[in-house]
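Throughout, a chain's letter reflects where its sequence line sits, starting with A, and its residues are numbered from 1. Remember, predicted model here, so these are calculated numbers, not experimental data. Note: hydrogens, waters and symmetry copies are ignored here, and every other heavy atom, side chains too, is used.
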Protein chains: 2
Amino acid sequence: MVRRTKEEAEATRIQLLDAAERCFREKGVASTTLDDIAKSAGHTRGAVYWHFENKADIFEAVCERVSTPMQAMLSDLAADPGNDPLGYLRNDAIHVLRMLAECERVQSVFEIKFCKLDGGPDFDRLRSRELETHTRCLSMLEVVFAAAVRQGQLPAHLPPKETAEAMHAFIGGLMRSWIERRDFDLRARAPWLVDTFLTGLRNAPDPTAYA
Amino acid sequence: MVRRTKEEAEATRIQLLDAAERCFREKGVASTTLDDIAKSAGHTRGAVYWHFENKADIFEAVCERVSTPMQAMLSDLAADPGNDPLGYLRNDAIHVLRMLAECERVQSVFEIKFCKLDGGPDFDRLRSRELETHTRCLSMLEVVFAAAVRQGQLPAHLPPKETAEAMHAFIGGLMRSWIERRDFDLRARAPWLVDTFLTGLRNAPDPTAYA
DNA sequence: TTATACAAACAGACGTGAATGTATATTTTC
DNA sequence: GAAAATATACATTCACGTCTGTTTGTATAA
């Protein structure tokens with residue numbers, strides 16, 4: 001089997017990515033061999049090396065298939081929050097949680113990134129990009145919180161950095177916990193969880209009281 | 001160099017574990033070879049294979065050096081919370097965060113477990129134990145929350161499982177975020193962070209209102 | 001008390017398998 | 001006919017496990 005048409009070639013590329021996603025999730029990234037991926041896709045390593053450079057390249061491609069929705073969410077956050085920044089943030093947080101609960105591909109990639117990824121010397125480029133995304137996300141949270149304080153939606157004594165960190169930790173922690181155990185209805189409970197956390201921020205104690 | 005005394009042998013064992021901890025943290029578990037560990041400890045693979053069976057065995061030993069304090073904390077939670085369960089939980093959560101902020105070894109092992117561990121087929125035994133610990137932790141949180149509700153410290157409408165999950169996600173998320181970036185003072189902010197979250201629980205909206 | 005036997009605590013060499021990257025062969029489409 | 005899209009074959013590297021060698025603490029007995 002050789003030299004398919006352009007569309008067939010693109011199809012095998014997708015088959016390879018799907019197979020890689022499956023293998024990574026089942027056996028972890030490090031323990032997955034290129035032959036595993038090729039076999040699982042019904043091809044050989046020849047096809048793999050035609051479409052990709054190495055395992056790290058495949059992994060990046062697998063991740064990029066879901067990076068777009070998350071990036072979109074980030075730019076959502078960056079958009080003008082209007083006169084209800086906290087409501088805006090609430091919707092966005094719920095949206096993120098629901099996207100995870102609903103989209104199988106997002107679940108796969110997050111499970112791989114969370115649990116199946118070794119911090120080896122490959123993947124350095126990817127990790128630095130992740131860190132940058134994380135940083136941008138935190139600073140945008142800070143901006144939105146500042147706007148909420150200006151609108152009187154949150155008390156002024158909230159420490160900006162720690163508040164953003166807490167929000168991010170809470171959402172990220174929920175995602176990880178649910179990915180690892182799936183023992184509660186994330187989609188249904190997302191609004192209540194987010195509201196409960198934001199209620200804590202609204203009534204937060206004054207940090208200056210903590211010596 | 002051979003046949004040291006009992007104490008010297010135990011010393012090399014500890015050197016090997018320290019070296020493994022360093023290598024795992026620097027290069028990831030999967031990318032660390034047994035020769036890396038031996039060299040970094042100033043020994044050879046002969047010493048490694050004398051003290052341990054394989055890499056997974058080493059990793060378990062590395063983890064067990066900090067599992068004891070965490071287990072102690074879990075049993076703290078299991079003890080009688082008295083007439084102030086929420087205050088008890090508050091102290092315990094702060095204690096966990098501070099132990100991470102203060103103990104370098106805990107930081108290392110958690111960083112390895114969080115970011116440097118591939119979910120390969122080895123480490124299965126370890127992972128199942130982790131899951132069991134996670135489950136026990138969640139059920140203990142449920143017990144403490146139930147007690148807090150009985151004492152009138154928390155509203156009765158809190159869904160037990162989701163509340164425990166949220167608490168665990170928040171603490172775990174904070175630990176992960178801080179491990180990855182260390183860009184805020186975890187030790188100093190721990191009480192405020194925990195109090196802010198618990199304030200959210202105290203004033204949480206009624207979940208039955210969420211269709 | 002001392003000689004001796006044994007086993008502990010390693011170091012170093014060896015064989016093996018497996019995964020990687022590359023080079024080449026083979027078709028088929030354009 | 002040229003190049004794209006794969007399969008196949010090959011060489012190399014590399015980590016693992018095992019085996020053996022060596023030295024020395026230690027127990028036992030004479």
A.B. asks: Expressed as a whole number of angstroms, how long is the span from A:I58:CD1 to C:dG21:P?
C.D. replies: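 Distance, rounded to whole Å: 10 Å.
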A.B. asks: Out of D:dG17, C:dT20, C:dA9, which has the shortest distance to the side chain of A:K55?
C.D. replies: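 Comparing D:dG17, C:dT20, C:dA9 against the side chain of A:K55, the answer is C:dT20.
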A.B. asks: Is the shortest side-chain N to carboxylate O distance from B:K27 to A:D118 below 4.0 Å?
C.D. replies: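 Salt bridge between B:K27 and A:D118, a charged N being under 4.0 Å from a carboxylate O: no.
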A.B. asks: What nucleotide, of C:dG21, D:dT18, C:dC10, holds the atom closest to the side chain of B:R45?
C.D. replies: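 Closest nucleotide among those given: D:dT18.
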A.B. asks: I need the A:E111 CD to A:M175 CE distance, nearest 0.5 Å.
C.D. replies: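 Going from the CD atom of A:E111 to the CE atom of A:M175 covers 12.5 Å.
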A.B. asks: I want to check one thing: is the phosphate of D:dC14, taken as OP1 and OP2, less than 4.0 Å away from some side-chain N or O of B:T33?
C.D. replies: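 Answer no for this pair, as no side-chain N or O of B:T33 is under 4.0 Å from OP1 or OP2.
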A.B. asks: Name the residue from B:K113, B:K116, B:R65 that meets the salt bridge (Lys or Arg N to Asp or Glu O under 4.0 Å) definition with B:E21.
C.D. replies: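 The single option meeting the salt bridge (Lys or Arg N to Asp or Glu O under 4.0 Å) with B:E21 is B:R65.
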A.B. asks: From C:dA8, C:dA11, D:dT8, pick the nucleotide closest to the side chain of B:H43?
C.D. replies: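 Nearest to the side-chain atoms of B:H43, counting from C-beta on, is C:dA11.
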A.B. asks: In whole Å, I'd like the distance from the CZ atom of A:R13 to the P atom of D:dA4.
C.D. replies: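 In whole Å, D:dA4 P lies 17 Å from A:R13 CZ.
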A.B. asks: Between P on D:dA5 and CD on A:Q15, what's the gap in Å once rounded to a whole number?
C.D. replies: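 Rounded to whole Å, this separation is 15 Å.
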A.B. asks: D:dC16 C1' sits how many Å from B:F59 CZ, rounded?
C.D. replies: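 Answer to the nearest Å: 19 Å.
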A.B. asks: Among D:dA7, C:dT20, C:dC10, which is the nearest nucleotide to the side chain of A:Y49?
C.D. replies: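 Within the option list, the nearest is C:dT20.
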A.B. asks: Between A:R45 and A:D36 (salt bridge meaning N to carboxylate O under 4.0 Å), is one present in this structure?
C.D. replies: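 Salt bridge between A:R45 and A:D36, a charged N being under 4.0 Å from a carboxylate O: no.
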A.B. asks: Rounding to a whole Å, what distance do you find between B:E8:CD and C:dC10:P?
C.D. replies: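 Going from CD in B:E8 over to P in C:dC10 covers 8 Å.
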A.B. asks: Roughly, in whole Å, what's the span from NZ in B:K39 to C1' in C:dA11?
C.D. replies: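 Between C1' of C:dA11 and NZ of B:K39: 12 Å.
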A.B. asks: Round to the nearest Å and state the distance from B:H51 atom NE2 to C:dA8 atom P.
C.D. replies: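 For the pair B:H51 NE2 and C:dA8 P, the rounded distance is 12 Å.
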A.B. asks: OP1 or OP2 of C:dA9 sitting under 4.0 Å from any side-chain N/O of B:T12?
C.D. replies: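 No, no such contact exists.
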A.B. asks: In whole angstrom, give the distance that lies between atom CG of B:L34 and atom C1' of C:dC10.
C.D. replies: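 The answer, rounded to whole Å, is 16 Å.
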A.B. asks: Out of C:dC10, C:dT20, D:dG17, which nucleotide sits closest to the side chain of B:N54?
C.D. replies: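 So the nucleotide nearest the side chain must be D:dG17.
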A.B. asks: Which of parallel (below 30°), tilted (30 to 60°) and perpendicular (above 60°) describes A:F197 and A:F170?
C.D. replies: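 Ring orientation of A:F197 relative to A:F170: parallel.
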A.B. asks: In terms of the nearest nucleotide of DNA chain C, which residue is placed more toward the 5' end: A:T32 or A:G46?
C.D. replies: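 Its nucleotide being nearer the 5' end, the pick is A:T32.
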A.B. asks: Should B:W50 be listed as having a side-chain N or O under 4.0 Å from OP1 or OP2 of C:dA9?
C.D. replies: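 The answer is yes; a side-chain N or O of B:W50 sits under 4.0 Å from OP1 or OP2.
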